[in-house]
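Proteins get letters first, then strands, A, B, ... in listed order; numbering begins at 1 in each. Just so it is clear, the values below take in all heavy atoms, side chains as well, and ignore hydrogens, waters and symmetry mates.
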Amino acid sequence: MEASEAKIKKQGASRLCCLCNQRRPVLKRPKTLQQICKECFYEVFEEEIHQVIVKNGLFKSGERVAIGASGGKDSTVLAYVLSELNRRHSYGLDLFLLSIDEGITGYRDDSLETVKRNELQYGLPLQILSYKDLYGWTMDDIVKMIGLKNNCTFCGVFRRQALDRGAALLKVDKLVTGHNADDIAETVLLNILRGDIARLSRCTSITTGEDGPIPRCKPFKYTYEKEIVMYAYFKKLDYFSTECIYSPNAYRGFAREFIKDLERLRPRAILDIIKSGEDFRIATTTKMPEQGTCERCGYISSQKWCKACVLLDGLNRGLPKMGIGRARGGVNGDHQKETKKPASAARSLESKQCGSLDF
Amino acid sequence: MACNSSGCESGGCYGREKENGCKVVDVKETVRLCVKCKSNEPMTFGDGGSDDGRFCAECFRSNVYGKFRLAVTSHAMITPSDNVLVAFSGRSSSRVALQFVHELQVKALKNYEASRDRSLPVFGVGVAFVDESAAYPSLSGGMSDAIAWVRSTVLSLSPPEKDLHVVPIESVFGSDSVEARDRLVKLLDSVSDETGKEDLLLHLKMLSLQKVASENGYNRLVVGSCTSRLASHVLTATVKGRGYSLSADIQHVDARWKVPIVLPLRDCVWQEITRLCHLDGLKTVELARHPQSGINDLVSSFVALLQEENPSRECTIVRTAAKLTPFYFNKIPETDDSCVPMATQRRLKKFNLKYDGSMTTEAFCPICNGPLNGSDSSEDESDALYDACCSSCRFQILPQEPSSLDHFGSLLPHHMISQVKHHQKFDSQTYLREKIKDCLLLDDEEAV
């Protein structure tokens, strides 16, 4: 490592971008530490994503594709790059923006404005679905009822279904999300820490849900978060950059800090974690649970009722702990006493991460 | 929070300690009893760890020893005809391993002397201490004292007598100590990545242990790695892209080496080990360690942080990794060993504790001995060493300049580089042809 750093410093001293050898370098590429110019950065960034799309066969010509758009940097850059690559390489895709309004005042309403601007800037039709319309509850209402402990579970479960519903409304063939390499590396670590071998085997897949209602893919699987930020910064893309106001000091924070430190020591470690995740020897028998449909709403579910219906039922009946922790009562659990030790339920939840990557 | 049971009887509950900032004396119960035997007073170690003040000294000890013995018997780690070498660093984990193996041996000797037909021999035990001062010059100051201490410790653990082998790490290069040291230093200097250097030393350490074990007739190498150590290893392996080979490293048995490695303390946590040392007055020696830097150090700190947040995190990490599919060599290999007692042979066969040693379907990295994933093979066949290594060793140990690879290869110990010569790119056509060649009528390959 020291040898290559020295080599890079030497090139910096020669003051030319190490890719084109023509222009002045203005940045150090987070993934490789190469000192390159803006134009070359755009080129490698976009080209790498294009290669990921092609090598993994993510799209077919003529497909209608919805981009999960939150207004944040990942989805904004995704919308920008995807529409650019669609044009440049003639993917032949019909692109849409799909946004979910969880009903978080002072956060989501602001980021939605960004998405509305993106609609105009990128010329992509936008569809917004709200928790209020779909479920009758906003996250503000939910947090008022249950506090800040399990709110991420509700939001994650609801959002997942909302995206599928929105995708169905738009009659799209595929959903793309802006999950980046850092997200996936964090998820791999979290699943190891939590003992979730089944999720561990699925979380590195670039496409998931192929046997479900709408397949989803993550073109940014190998794209570093730092590079996404860099791209948005240099291209002066319009995005909303605050964290959700309800995000707790979640367990994911541990993994995130660790990965940041790791990246400083060895940038390629992020990709190495993903590689490990892909290479883990996990017996195929430990994978997916049996797939059925929810009796209440018809959504895909491995239990009698889908998680969203269970949670919703709990909210509507004033029993917000339903569906949190182990199944112990109600429709899905056995009909025995509901009194599970609250400490263990809370603990199993504290160790359960915000459901945003519940793929 | 280790204690979440509302029925917790112990007064020294970690959760409550935390809340009040001082030990809570349970007012309801004036007499605290061991939760297991319910007759003795529980031990308090006062180390702020979980489960403090729950077990009496005897039950605590028997819990830990019980885990050791279960691991040994259920994985056929040590059988009567074996000759076992214990890797001893002087620190707590290997001190406990050595102690437990000694106790097992003492018991076997007692049984042997008491039995009429003396059919079951007593397994032999040797001890190996690796002297790393050639790699870490800062250790050389205290080394002779440490070695003297190790010697007296091993002496105190008899009968039965145990041979002590002090192994300089540079011995992998040969017996000429000056030349060997020189080669070691040259090799380490040519590795620019700090983490790579540390890991290379670990591989060399294992090689030196293997060397002393096979040269002295041992057929088992006992390593004292505990759950906590393995938890760190799970994470370091993950962040270095070694997800494929991970399951090979964390099982109870690792028989890909000439002398199979066994981990009898795999199910014990660090806290239990340090407490046991304290309880039994087991002395340890802490050499002024070269501080870990780089990724290994980062992961250790991370795990320590996670442990603070939840004391059973290490166990969960190892449990998750244990769900990964092990390799065929994670069992004691079947050997045509006529001196293995019949009863033992029958038992081993019955519980499927061995594997057919002739089955070798994996290729291994010459440096770390990790099984190679098919996807690791490089695209260009420029250099035999580069091709033969796993992607992690390629990045952190091999020099980045292709022109330096040859020179680097010459610096590696013979054992590692000889693996490269044998490593051939797997050609399925050739392989298949070898299998059916005796039935082929035409020599001409085009006849296919």
With a 3.5 Å cut-off and no angle check, do the side chains of B/E314 and B/T227 form a donor-acceptor pair?
no

Contact part of B/P326 toward chain A, heavy-atom cut-off under 4.5 Å: side chain, backbone, both or neither?
backbone

Checking B/S245 against chain A: side chain, backbone, both or neither under 4.5 Å from a heavy atom?
neither

Between A/E48 and A/K31, does any side-chain N to carboxylate O distance fall below 4.0 Å?
yes

Using a distance-only test with no angle check, is there a side-chain donor-acceptor pair under 3.5 angstrom linking B/R242 and B/S391?
no

Identify whether NZ of Lys or CZ of Arg in A/R29 sits under 6.0 Å from the centre of the six-membered ring of A/F41 and within 45° of that ring's axis.
no

Check whether B/L246 gets within reach of chain A through its side chain, its backbone, both or neither, counting any heavy atom under 4.5 Å.
side chain

Check each atom of B/V191 against the heavy atoms of chain A and say whether the ones under 4.5 Å are side chain, backbone, both or neither.
neither

Heavy-atom pairs under 4.5 Å with chain A are the metric here; pick the option from B/V318, B/V234, B/I317 that has the most.
B/I317

Residues A/E225, A/R256: salt bridge by 4.0 Å N-O rule:
no

Pick one of side chain, backbone, both or neither for B/A231, based on which atoms fall under 4.5 Å of a heavy atom in chain A.
neither

Contact origin within B/S247 toward chain A - heavy atom pairs under 4.5 Å
side chain

Heavy-atom pair with the smallest gap, counting every atom of B/Y244 and B/P371:
CD2-O, 3.5 Å

Relative to chain A, which of B/T316, B/T195, B/L298 shows the most heavy atom pairs under 4.5 Å?
B/L298

Side chain, backbone, both or neither of B/R319 within contact of chain A (heavy atoms, under 4.5 Å)
neither

Go through the atoms of A/L189 and report whether side chain, backbone, both or neither lie under 4.5 Å from a heavy atom of chain B.
side chain

Cationic tip of A/R268 within the cone over B/F395's six-membered ring, i.e. under 6.0 Å and within 45° of the normal?
yes

Inspect the contact between A/R264 and A/D261 and indicate whether a charged nitrogen and a carboxylate oxygen are less than 4.0 angstrom apart.
yes

With respect to chain B, which residue among A/I273, A/D196, A/V188 yields the maximal number of heavy-atom pairs within a distance under 4.5 Å?
A/I273

